[in-house]
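In what follows, a structure is listed as structure tokens, so that the remarks can point back to it.
These figures come from a predicted structure and were not determined experimentally. So you know, we letter chains A, B, ... as the sequences are listed, proteins then strands, and number each from 1.
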Amino acid sequence: MLDALWDGFRRHDRLALARLLSLAARGEAISSIPSPPKSSRVVAVTGSSGVGKSTLIGQLIEHLRGQGKTVAVLACDPQSPLSGGALLGDRFRMAGPHDDGVFIRSLATPGGHGAVAERLDLLIRLVESFGFDVIIVETVGAGQGDTAARNLADVAVLLLQPESGDDLQWEKAGVLEVADVIAVHKADLPGAEQTAAQVRATLDVGRQSQTPVLRVSSKTRAGLGELWQAIEACPLRRGPESDSPTELLQSLERELAARFAKAERSRPTDWSQAMAAWRSGEADAVARLLQLLADPEV
Amino acid sequence: MPSPLRIVLAKVGLDGHDRGIKVVARALRDAGMHVIYAGLWQTPEAVIRTVADEDADWLGLSLLSGAHMTLVPRVVELLRAAKLENVGVLVGGIIPEADVPKLLALGVAKVFGPGTSLDEIVEFLKQRSEAGHA
């Protein structure tokens, strides 16, 4: 079945791409991804919920299609930690109708993975291999410290909005410093200029005085072209396999978590002994647990 | 662990009543499914694109406009043309009794009318997926 999918993929069949993305997102083996026809520009769009990430991406799609560029969007939305369910509503805001040059995929995102879906690295490589000019990754919208998205992308765009906190907010670590481009969205609202000036002032104190700060409005489309120009002016950050250690570590964490959960069922006695050791503060409790998890019988 | 069902929920045509479909979206989410909400005023073509790109198992259409006998056949036809005949189709909304058998004959898996409980929809999807069919 996998062979048939790859055949379809090479023939540029979108269904094959969609299917392979599902398999990869689930952690199933998809064998090797063909090297891309060209490097895509991978743009991460991050910012708090309600700041307008999906809406702005919708506008960017139109802008890019106007330039004849093809666009794939990987839109991450949160997944319930209780039911595992997710309401994926990003594409709804990306307007449309879209043509063959646009591919949008919604991805449920468990908590604790840095605001992006699991195996996002692999998913990006898949759409890149399919040959899109631009790949836009929309983060969940945690707003602070979306570093995972930054590491996987060439350019990280942080969206802010007017009246979204005072200048102390910008001093917090991880908010501004992960951004390559900062856009004050909803710039048709009052206060946008002031917000942009505050951000500018904060950046000038630090080492980020080169980071562009722009105002953009999805409502009036003002500033859209300038925003894309600023994104295009950024050097492509992704090097060959530069993010592999982080991604590998994340895979390891997932595998360990899965085994940990399995061991609780398959080896209840060993498991509760390990737990007891951990509770009483025994120094080698973790090492012993690792030994248990390394057992292939677990 | 089986992967969660992916279902696209959409309103096709000129129909602005989205309260019902949003309640259903919430219920399916709470039942552990991944719900892709495509929203209002979708064309049949746009719905097919969404189902394809999202690799959905199911498509739920909500129609309260009375245009179901025009739009649903079109959606089903386009699904087949796009080689997506394995995607199950559900219809909800205001559908006259007499039209239900016609829709089922087209290949719609189930029609949920007014008064349907949320549990009924969830149960139906769970049973069908356990039986191996989306």
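- Without hydrogens or angle criteria, Arg91(A) side chain to Ile104(A) main chain gives a donor-acceptor distance under 3.5 Å.
- Of residues 7-20 of chain A, those residues lying under 4.5 Å from chain B by any heavy-atom pair are Arg14(A), Leu15(A), Ala18(A), Arg19(A).
- Counting heavy atoms from C-beta on, the side chains of Met33(B) and Trp58(B) never come closer than 4.5 Å.
- Here the side chain of His34(B) pairs a donor or acceptor atom with the backbone of Gly84(A) at under 3.5 angstrom.
- A side-chain contact (heavy atoms from CB on, under 4.5 Å) with Val137(A) is found for exactly one of Val45(A), Thr46(A), Leu123(A), Val42(A), namely Val42(A).
- Heavy-atom distances place both the backbone and the side chain of Asp100(A) under 4.5 Å from chain B.
- Proximity of a side-chain donor or acceptor of Ser40(A) to a complementary backbone N or O of Phe132(A) within less than 3.5 Å is detected.
- In this structure a side-chain-to-backbone donor-acceptor pair under 3.5 Å is missing from Lys69(A) to Gly101(A).
- Looking at Trp6(A) and Pro34(A), their side chains come closer than 4.5 Å, going by heavy atoms from C-beta outward.
- Contacts of Asp53(B) with chain A are made by both backbone and side-chain atoms, with heavy-atom separations under 4.5 Å.
- With respect to chain A, the highest number of heavy-atom pairs below 4.5 Å among Lys83(B), Glu54(B), Arg29(B) belongs to Glu54(B).
- In this structure, chain B has a heavy atom under 4.5 Å from the side chain of Arg26(A), while its backbone stays farther away.
- Ion pair Glu77(B)/Arg74(B) flagged as a salt bridge, since at least one NZ, NE, NH1 or NH2 atom sits closer than 4.0 Å to an Asp/Glu carboxylate oxygen.
- Listed for the Asp57(B) side chain is a donor-acceptor partner under 3.5 Å among the backbone atoms of Arg6(B).
- For Ala52(B), the parts sitting under 4.5 Å from any heavy atom of chain A are the backbone and the side chain alike.
- Proximity to chain A (any heavy atom under 4.5 Å) is shown, for Ala10(B), by neither the backbone nor the side chain.
- Contacts with chain B were tallied for Leu82(A), Asp77(A), Asp99(A), Val102(A); Asp99(A) has the most, counting heavy-atom pairs under 4.5 Å.
- In the model, His185(A) has no side-chain atom that pairs as donor or acceptor with a side-chain atom of Ser217(A) under 3.5 Å.
- Using a distance-only test at 3.5 Å, with no hydrogens or angles considered, no donor-acceptor pair links the side chain of Arg119(A) to the main chain of Gly27(A).
- Contacts of residues 40-48 of chain B with chain A at a heavy-atom distance below 4.5 Å involve Leu40(B), listed in sequence order.
- For Glu128(A) and Lys38(A), the salt-bridge test fails: no basic side-chain N is under 4.0 Å from an acidic carboxylate O.
- Between Phe124(B) and Phe112(B), the distance separating the two ring centers is shorter than 6.0 angstrom.
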